[in-house]
> 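Please see the structure below; I have some questions.
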Amino acid sequence: MRLSKTPLGTLREDPADADVPSHRLLARAGLIHKIAAGIYSYSPLMWRVIKKIKNIVREELDREGGQEILMPIMQPRELWEESGRWARYVAEGIMFHLKDKRGTEVCLGPTHEEVVTTYAKRVLHSYKQLPVNFYQIQDKFRDEIRPRFGLMRGREFMMKDAYSFDATSKGLDASYDAMKRAYTAIFTRCGLDFRSVQADAGAIGGEGGSEEFMVIAATGEDAILYCPESGYAANVEKAGSRVEPSPDAGEAQALDKRETPNVRTVEQLEEFFDMKAIRMAKTILYNATWVDREETVAVLVRGDLEVNNVKLTNALGALAVTLADEEAIKKATGADVGFAGPIGLPEGTRIIGDKTLRKATNLLTGCCETDYHCLNVNLGRDCPEPEWHDVRTARAGELSPDGKGELVETRGIEVGHIFKLGTVYSEKMEAQFTAESGKLAPFHMGCYGIGVTRTAASAVEQNHDELGIIWPRPIAPFEVVVAVLDAKKNDQVELATKLYDELRATGTDVCFDDRKMSAGAKFKDLELIGFPLRIVVGRKAADGIVEFSTRKDLEKQEISASEAVAAVRG
RNA sequence: CGGGGCGUGGCGCAGCUUGGCUAGCGCGCUUGCUUCGGGAGCAAGAGGUCGGAGGUUCGAAUCCUCUCGCCCCGACCA
């Protein structure tokens, strides 16, 4: 490709709406063009990047036995009623849906479990056909509450989604492991620094394990915790840890109500009673939402710890939880904010207790009365026995759940997510096959996603400097650029053209910067776009000398044209 | 959805508070001459319903109302 013939559209200034590096640089380099919030066009060069990522994905999935298919973007409501997800996705406002002129409802697919399960049901009838893994690379649509960060969180984006069908859960384990291998190979080949972590399965649901593949980057939207000693790694939404056990407070003693005027926070209580937070139980009221109802629930967590919303949502089996507002708190406790406690809540209020409090005795808590707290509270004696769950947020510095070392925190961009769905969808949608026993059995399913466009953005997020993008070679728009510095000088043009032709002839992924422009501007453009290797044909062209450099270190080497060819290919 | 901010040639912005004549600046674009290894100089040009609708006024980018869009901060996901 001659760069004189492609619209580069590089910008000298940062676009006003971009603030993370990948968004800023992709836009400045002219690689993406915004059409609406979270909706982009890709330039010819960007499309090459995406195609390269797609090809790596294809090769590695095919290697593990994946078979590429293509499923529709528009999906009928009935299908989503079968799986029971229509209401949830509509309630969460995450799905684009519309009616056709007859009033039939369809959605723009945010994911394809329903469609693929229906397909599998039609074409897979016997255990002899299993296992099988179907995948597609298709645009996905999600009505994100807040699209942002350019390609990081779009409303229309490109995703590879794969679905495995097995006869047994053991088979599913093997299919899942195969995908894990494929994902590891894919992100390694893309040249990314990543880590796989245990994850929450979220709205996709399912009964089995789930892991996310995270590209390590400071601007990542997810916090992850890992243990360098044991290799344990998890999204904070999911992460467990070992914390200092609650101190032994002895046998239960008589409840002791104390006046605590205007003492509302854990810090104030520590001072007022000269007692550590670890001996207290915070009572936090949440408003939880289910498909058909809303309810205020009380959550008890040790004074020195924090509640994890995702764990709480899962514990309740709710769609979502939000902190109760002041009005709701007053209504539920009959007291001012800061005095909620397990004692004195309305009859029937669900109380969730974090497991760290299970054996604790003689706690300090609120008691739903303004300006009072209680000492020697014993859960189950002074209030109904809480439902015990792990609803606590793990933190860096705490011990890994395996006890082998301390947890360290870092941030990551979720580029891949693999799930064991089990039989949830196949049962709901009656997707069955004839097993070896001759009886019908539901498929054991797995589902596996890769954000293709997000992967491209994360590569930029992880590989850039103040001058621009530094594409990893396997996914660069072109691996090599041959640039004529002065496109009006015949000797330069001749040598450069010869080099370009020669490299092309040997199958090198090379483009030719034959644009007539000043040298400085040309360098800036090429550095912004980020081709990994550069051959500059300049004033020494007559002697057959060119300049070779890599985008990464920009160190220039004057070598002969033939040496340059060797350098590129070596 | 709640809170904050912004819509002015392709991009980045000024002008708006205190209405006033042909709406400016930088980048980019076109043409010519010069320049030619780190975003060149000079000259001449092209390009704008000031997001949209309604209103106030002799007069609106500027004031009022409505509306659409975009960005940033909070709960979801690849």
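The figures that follow rest on heavy atoms only: side chains count, while hydrogens, waters and symmetry mates do not. The sequence lines fix the lettering, A, B, ..., with proteins before strands; numbering per chain opens at 1.
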> Using purine N1 to pyrimidine N3 plus N6-O4 or O6-N4 for Watson-Crick, or N1-O2 and O6-N3 for G-U wobble, both under 3.5 Å, which nucleotide pairs with B:A60?
none

> Please determine whether a side-chain nitrogen of the Lys or Arg among A:K282 and A:E306 lies less than 4.0 Å from a carboxylate oxygen of the Asp or Glu.
yes

> Ignoring hydrogens and angles, does a donor from either the side chain of A:R153 or the base of B:C76 sit under 3.5 Å from an acceptor on the other?
yes

> Hey, is the side chain of A:R148 pairing donor to acceptor with the base of B:C73 inside 3.5 Å?
no

> Identify the nucleotide, in any strand shown, that forms a Watson-Crick or G-U wobble pair with B:C13, with both distances under 3.5 Å; if there is none, say none.
B:G24

> Under 4.0 Å between any heavy atoms, over every strand shown, what does A:G154 touch: base, sugar-phosphate, or nothing? Just pick one.
base

> Under 3.5 Å, is there any donor-acceptor pair linking the side chain of A:D14 to the base of B:G12?
no

> Of A:N309 and A:G416, whose nearest nucleotide on RNA chain B comes first from the 5' end?
A:N309

> Tell which nucleotide pairs with B:C70, taking only Watson-Crick or G-U wobble pairs whose two distances are both under 3.5 angstrom.
B:G5

> With 3.5 Å as the limit, what N/O pairs link the protein to nucleotides 27-37 of chain B?
unit_1 : atom_1 : unit_2 : atom_2 : d
B:G28  : OP1    : A:R12  : NH2    : 3.4
B:G37  : O2'    : A:R539 : NH2    : 3.1
B:G37  : O6     : A:R539 : N      : 3.2
B:G37  : N1     : A:E547 : OE1    : 3.0
B:G37  : N2     : A:E547 : OE1    : 2.3
B:G37  : N2     : A:E547 : OE2    : 2.8

> What is the nucleic acid contact for A:E144, judged by heavy atoms within less than 4.0 Å: base, sugar-phosphate only, or nothing?
base

> Counting Watson-Crick and G-U wobble pairs only, both distances under 3.5 Å, name the nucleotide matched with B:C29, or none.
B:G45

> Name the orientation class of the two ring planes belonging to A:F141 and A:F96 (parallel below 30°, tilted from 30 to 60°, perpendicular beyond 60°).
perpendicular

> Starting from P on B:A78, measure out to CZ on A:F194 and report it in whole angstrom.
18 Å

> Figure out the CG/C1' separation between A:L526 and B:G39, and round it to whole Å.
12 Å

> Between B:C77 and A:D222, counting only base atoms on the nucleotide and side-chain atoms on the residue, is there a donor-acceptor pair under 3.5 Å?
yes

> Side chains of A:I529 and A:I469: does their closest heavy-atom pair fall under 4.5 Å?
no

> Within 45 degrees of the axis of the six-membered ring of A:Y226 and under 6.0 Å from its centre: does A:R195 put its NZ or CZ there?
yes

> What is the separation between atom CD on A:E221 and atom P on B:C76, rounded to the nearest whole Å?
12 Å

> Between A:D514 and A:K5 (salt bridge meaning N to carboxylate O under 4.0 Å), is one present in this structure?
no

> Verify whether the ring centers belonging to A:H97 and A:W80 lie closer than 6.0 Å.
no

> Near RNA chain B, counting only heavy atoms under 4.0 Å, which residues of residues 26-45 of chain A show up?
A:R28, A:K34, A:A36, A:A37

> Using Watson-Crick or G-U wobble geometry with both distances under 3.5 Å, which nucleotide pairs with B:A40?
B:U34

> Taking B:G24 as the reference, what is the distance to B:G45 when you measure between their P atoms (whole Å, please)?
14 Å

> What does A:R24 touch in the nucleic acid at a heavy-atom separation under 4.0 angstrom: a base, only the sugar-phosphate, or nothing?
nothing

> Who is the Watson-Crick or G-U wobble partner of B:C76, with both distances under 3.5 Å?
none

> Centroid separation under 6.0 Å, is that true for the rings of A:Y163 and A:F134?
no

> Can you confirm whether A:K238 is buried at NZ, in the sense that more than 12 heavy atoms of other residues, nucleotides or ligands lie under 6.0 Å from that atom?
no

> Hunt down the Watson-Crick or G-U wobble partner of B:U65, both distances under 3.5 Å, from any strand shown, or write none.
B:A53

